[in-house]
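Below is one structure, written out as structure tokens; comments come after it.
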Amino acid sequence: MGRTPTPVTTPESLTFRSDVTVELVKSSASDADVLFAARVSTAGEQSLDELKKDPERSKGLINYLMRDRHGSPFEHNSMTFFISAPIFVFREFMRHRVGWSYNEESGRYRELQPVFYVPDTDRKLVQQGRPGKYVFVEGTPEQHATVSGTLEESYRQAYASYQKLLDEGVAREVARAVLPVGLYSSMYATCNARSLMHFLGLRTQHELAKVPSFPQREIEMVGEKMEAEWAELMPLTYAAYNANGRVAP
């Protein structure tokens with residue numbers, strides 16, 4: 001039996017976006033977390049006193065741990081982000097497994113909303129060179145118009161097909177197969193500073209990075225927003241990360 005019919009989705013009811021959103025919804029993360037974890041090696045239970053001290057006095061220790069890659073003290077903290085981005089971003093994101101936990105919106109249990117990704121005119125469109133040695137350059141106005149028009153037309157057709165299948169009583173988990181990876185999804189992602197540093201080292205470009213990275217721009221946009229939140233929570237750790245080439249310890 002089909003579901004109760006709903007109005008056919010019109011072009012006006014689709015939403016096209018070019019941004020991503022990142023919200024820090026919960027955190028237990030400070031520079032003091034690094035210090036008490038590191039000092040337990042020599043101070044035992046007295047290392048808890050670090051929680052009452054000004055971490056600024058011990059920024060040299062944080063820099064030493066980062067420089068010599070003593071990584072475990074950077075794991076004793078937690079940050080949970082709520083992220084909204086195209087599905088293709090999440091498929092890259094979830095390649096990061098160590099130190100991460102994910103829960104994503106489910107197309108099996110809810111009807112997916114018609115929100116789709118269309119790059120804005122600042123997005124470089126043209127790839128030049130061979131794999132492993134290529135660059136992206138600006139697209140022409142005509143290319144941008146073609147990309148926008150083609151994507152929007154494809155999204156309209158895909159979502160109309162999705163609605164048709166649902167109206168015929170097809171299960172959501174089957175009907176979703178017609179939807180493209182440009183559809184927006186949402187998820188909670190929880191990590192610690194060490195796992196986030198590894199993510200940022202691979203998914204952002206930065207002038208201070210010792211190791212070059214070539215991320216897709218859309219996941220870099222997510223990384224930049226997460227980095228800004230983390231920098232406020234753990235400023236000494238963040239400074240040491242940059243001072244030592246943005247290499248995760």
Side-chain angles (χ1 to χ4, degrees), residues 19-24 26-39 55-83 85 88-102 122-124 127 129 131-137 187-249:
D19 66 325
V20 299
T21 59
V22 175
E23 180 184 358
L24 180 68
K26 184 175 66 172
S27 67
S28 175
S30 70
D31 293 314
D33 296 332
V34 180
L35 296 171
F36 84 77
R39 288 207 162 111
E56 182 74 27
R57 296 172 55 192
S58 299
K59 65 180 180 181
L61 174 57
I62 292 177
N63 189 71
Y64 160 74
L65 295 169
M66 191 76 69
R67 184 193 68 213
D68 287 15
R69 304 193 72 183
H70 296 287
S72 59
F74 297 99
E75 297 176 3
H76 295 271
N77 55 83
S78 178
M79 294 164 278
T80 297
F81 299 92
F82 184 74
I83 303 167
F88 65 80
V89 170
F90 289 171
R91 296 304 163 262
E92 280 199 321
F93 208 123
M94 291 175 183
R95 294 178 63 83
H96 296 266
R97 299 180 296 279
V98 178
W100 288 90
S101 297
Y102 304 106
D122 293 332
R123 211 302 188 182
K124 295 180 179 179
Q127 178 180 320
K133 194 176 183 181
Y134 59 81
V135 295
F136 284 89
V137 298
M187 73 172 179
Y188 288 101
T190 299
C191 63
N192 58 56
R194 189 183 192 184
S195 54
L196 180 58
M197 284 186 277
H198 182 261
F199 175 89
L200 295 175
L202 290 173
R203 302 300 182 180
T204 62
Q205 297 185 66
H206 198 283
E207 60 183 5
L208 297 177
K210 288 181 180 179
V211 181
S213 180
F214 307 95
Q216 183 165 341
R217 178 55 189 153
E218 288 76 12
I219 197 170
E220 184 178 35
M221 290 160 60
V222 173
E224 289 169 349
K225 291 179 180 293
M226 297 175 74
E227 180 172 344
E229 296 284 0
W230 171 55
E232 292 190 10
L233 292 172
M234 304 178 71
L236 300 182
T237 301
Y238 179 65
Y241 176 61
N242 283 317
N244 290 278
R246 294 174 66 89
V247 175

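Listed by chain and number, the residues in a salt bridge (Lys or Arg N to Asp or Glu O under 4.0 Å) with K225 amount to none (sequence neighbours excluded). A search for salt bridge (Lys or Arg N to Asp or Glu O under 4.0 Å) contacts involving E232 returns nothing, not counting sequence neighbours. Listed by chain and number, the residues in a salt bridge (Lys or Arg N to Asp or Glu O under 4.0 Å) with E224 are R217 (sequence neighbours excluded).
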Under the side chain to side chain contact (heavy atoms under 4.5 Å, CB included) rule, what do H206 and N242 come out as? Steps first, then yes or no, please. CA-CA 9 Å; H206 198 283; N242 283 317; 4.1 Å; yes

Mind running side chain to side chain contact (heavy atoms under 4.5 Å, CB included) on E229 and M79 for me, showing each step along the way? CA-CA 9 Å; E229 296 284 0; M79 294 164 278; over 6 Å; no

Walk me through it: do I83 and V20 pass the test side chain to side chain contact (heavy atoms under 4.5 Å, CB included)? CA-CA 7 Å; I83 303 167; V20 299; 5.8 Å; no

Might you work through the side chain to side chain contact (heavy atoms under 4.5 Å, CB included) test for R123 and M221, ending with a clear yes or no? CA-CA 11 Å; R123 211 302 188 182; M221 290 160 60; over 6 Å; no

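Annotation: the span from S27 atom OG to N192 atom CG amounts to 13.0 Å, rounded to 0.5 Å. Going from atom OG of S28 over to atom CG of D33 covers 5.5 Å, rounded to the nearest 0.5 Å. In this structure, CG on L233 lies 9.0 Å from CG on N77, to the nearest 0.5 angstrom.
Side-chain contact between R69 and V247 is present, with at least one heavy-atom pair separated by less than 4.5 Å. Proximity of E220 to T204: side-chain heavy atoms (C-beta onward) are separated by under 4.5 Å at one or more points. Taking 4.5 Å as the limit, some side-chain heavy atom of L196 sits within range of a side-chain heavy atom of W100. Inter-residue side-chain proximity for E92 and E218 is flagged as unmet; no heavy-atom pair is nearer than 4.5 Å. Looking at heavy atoms from C-beta onward, L202 lies in side-chain contact with H96 at the 4.5 angstrom threshold. Between S195 and V98, the closest side-chain pair of non-hydrogen atoms is not below 4.5 Å. Here the side chains of F199 and I219 are in contact, with some heavy-atom distance below 4.5 Å.
Of all heavy-atom pairs spanning A248 and R194, the tightest one is CB-O, 4.1 Å. Closest of all the heavy-atom pairs between S213 and G201 is CB-O, 3.5 Å. Of all the heavy atoms in F74 and I62, the pair that sits closest is CZ-O, 4.0 Å.
A ring-centre distance under 6.0 Å is not found for F90 and Y102. Taking the six-membered ring for Trp and the full ring otherwise, the centers of Y241 and W230 sit less than 6.0 Å from each other.
The only member of E207, E227, Q205 that meets side chain to side chain donor-acceptor pair (under 3.5 Å) when paired with R246 is E227.
Not one N or O on the side chain of R95 forms a donor-acceptor pair closer than 3.5 Å with the backbone of F93.
Annotation for H198: atom NE2 does not count as buried by contact number, only 12 or fewer foreign heavy atoms lying within 6.0 Å.
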